[in-house]
Amino acid sequence: MGEYPVVTWNSYSQAQRRLPPKYRLAKDLPHELQDRVNALPQSYRNSHQATVLFEAMIDEAIDDEPGAPPISIINDVTDEGAPPWEFVYTNQMWYGEGVPAPDIKNLKSCGCVGRCDPKSKTCGCAKRQRHHLKRYIENDTIPKTWNGVPFLYDNKGCLQFFEVPIFECNDFCGCDEDCPNRVVQRGRRYAVNIKRTETKGWGVFNGPKKIPKGSFIGIYAGELLTVEESDRRGTLYNKFGRTYLFDIDFHYMGAVATYSVDAYHAGNNHSCDPNCEINPCYINEANIEKPLLTIFTRREVEPFEELSFSYMGCIDEETILKAKKAKKSNDAVYAECHCGSRNCLGVLFS
C-alpha cells in the first residue's frame with residue numbers, strides 16, 4: 001500500500017514472538033513496604049491503619065485482574081491488624097535462578113476471528129487441547145458426546161472436568177478477549193476475604209454469594225524454582241514447620257517434577273475435605289513442564305465458607321498410609337491438621 005507495509009494480525013503476532021518474553025524474576029519480589037512495616041512497632045501492625053494499608057497493597061497487586069472484586073482483611077479473633085508482612089499477594093510467577101524464560105517461540109496459537117468455536121477444524125488452540133485430551137476421551141474421563149469438547153469450560157466459564165491439563169488461548173491468538181477459551185486470564189469474578197481463624201492462622205474465605213462449582217478462584221503463585229532448589233528449601237522448611245512448596249509433577253508429565261512453586265509468601269489453607277482443586281493451565285507457555293497452578297472450586301461453595309485445597313493432592317489409600325507414617329515424624333512440618341473435616345487425616349503433609 002504505497003510506501004507503507006500492510007500490518008496484519010498475523011504479521012504483528014509473529015513480530016511479537018521475536019521479542020524477549022515478559023516475565024518476573026524472583027530476586028525482584030517486592031519487599032520494601034514489608035521491610036518498612038516490620039520495622040514499625042507492633043502497636044502499629046495491630047492497628048486499623050495497618051489493615052487499610054494491607055488491603056491497599058493487595059488492591060495494587062491485582063491490577064492484572066481489573067474486574068476482580070476487592071479483597072478485605074477480617075480479624076475477629078486476635079489483635080493482629082493484618083497477616084504477617086512477609087506476605088506478598090500475587091497472581092504472577094516469579095522465576096528463580098536456573099529456570100528458563102517462558103517459551104513463546106514454540107507456542108501454538110489460533111488465527112480465529114471473534115470467539116473460538118470448540119468444534120472448529122482450523123482453530124489451532126482447539127487442535128492443541130484436543131491432542132492433550134485424547135487419552136481422557138478414550139478412557140471416558142471426558143464423555144465422547146460432550147458438546148464442549150475440546151474446550152474444558154461451559155458457556156458460563158466454569159471448569160467441567162478436573163485433573164486434566166487446560167490449554168487456553170494466548171496473547172498471540174487472533175480471537176477476542178471474550179473467547180470462551182479465556183477464563184483464567186480474565187481473572188477472579190467472586191469476592192473473597194482474608195480472615196483470621198482461631199486454630200489455623202489466616203485463611204481465604206468466600207464473600208456473601210455462592211460460588212458455583214468449577215469457578216476460577218486464583219493462581220497458586222510464587223517463586224518458580226528448579227526441583228534442586230526446592231529440595232534444598234524443603235529440608236529447611238520441614239524443620240521449622242512451614243512449607244508451601246508444590247512440585248509440578250502432574251500424572252501426564254510422568255509424575256516427575258522438574259520445577260516447583262514456592263508460595264511461602266502467599267499460602268492458602270489446607271483441608272482434608274477441600275472445596276477447591278489445583279489444575280494445570282497453559283496460556284503463554286509452550287513448555288509442558290511449566291503450567292500455571294490454577295485454583296478452581298470442585299463443588300458449590302457457600303457464602304462465607306473457607307476456601308481450601310489439599311496440600312497432599314488426591315487423598316486416596318496411599319495418601320492415608322503416608323499420613324499415618326508422617327504422624328510419627330519429628331519434622332515440624334508434619335504438624336497436626338485442624339481442618340475440622342469428618343475425614344481429617346490428622347497431619348498437614350504426607
For [X], side chain to side chain donor-acceptor pair (under 3.5 Å) partners two or more places apart:
X: Arg182; value: Gln185
X: Arg188; value: none
X: Asn279; value: none

Residues forming a salt bridge (Lys or Arg N to Asp or Glu O under 4.0 Å) with [X], sequence neighbours excluded:
X: Arg18; answer: none
X: Arg128; answer: none
X: Glu32; answer: Arg36

Identified side chain to side chain contact (heavy atoms under 4.5 Å, CB included) counterpart of Leu224 within the set Ile248, Leu292, Leu293: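 The single option meeting the side chain to side chain contact (heavy atoms under 4.5 Å, CB included) with Leu224 is Ile248.
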
Share the residues that join Phe172 in a hydrophobic cluster, the rule being Ile, Leu, Val, Met, Phe, Trp or Tyr side chains under 4.5 Å apart at the heavy-atom level.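 ILVMFWY cluster around Phe172 also holds Ile104, Leu107.
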
Just checking, is any N or O donor in the side chain of Asp247 or Tyr259 under 3.5 Å from an acceptor N or O on the other one?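 Distance-only check fails for Asp247 and Tyr259.
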
Any salt bridge linking Glu223 with Arg233? Criterion: basic side-chain nitrogen under 4.0 Å from a carboxylate oxygen.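 Counted as a salt bridge, because a side-chain N and a carboxylate O are separated by less than 4.0 Å.
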
List, one per line, each side-chain donor-acceptor pair under 3.5 Å for residues 281-288, sequence neighbours excluded.
unit_1, atom_1, unit_2, atom_2, d
Tyr282, OH, Tyr252, OH, 2.7
Tyr282, OH, Ile288, O, 2.5
Asn284, OD1, Asp171, N, 3.0
Asn284, ND2, Asp171, OD2, 3.2
Glu285, OE1, Lys290, NZ, 3.2
Glu285, OE2, Asp103, N, 3.0
Glu285, OE2, Asn287, N, 2.9
Asn287, OD1, Glu289, N, 2.9

Given side chains that start at C-beta, do those of Ile211 and Asn275 come closer than 4.5 Å, heavy atoms only?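 A side-chain contact under 4.5 Å is absent here.
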
Can you name the ring-ring contact (aromatic ring centres under 6.0 Å, His included) partners of [X], sequence neighbours left out?
X: Phe54; value: Trp85, Phe87
X: Tyr23; value: Tyr95
X: Phe250; value: none

Donor-acceptor contacts, no H, no angles, side chain residues 173-181, under 3.5 Å, sequence neighbours left out:
unit_1, atom_1, unit_2, atom_2, d
Asn181, ND2, Phe167, O, 3.0

Could you walk me through whether Met93 and Val261 pass side-chain contact (heavy atoms from CB on, under 4.5 Å), step by step? CA-CA 8 Å; Met93 300 307 301; Val261 174; 3.5 Å; yes

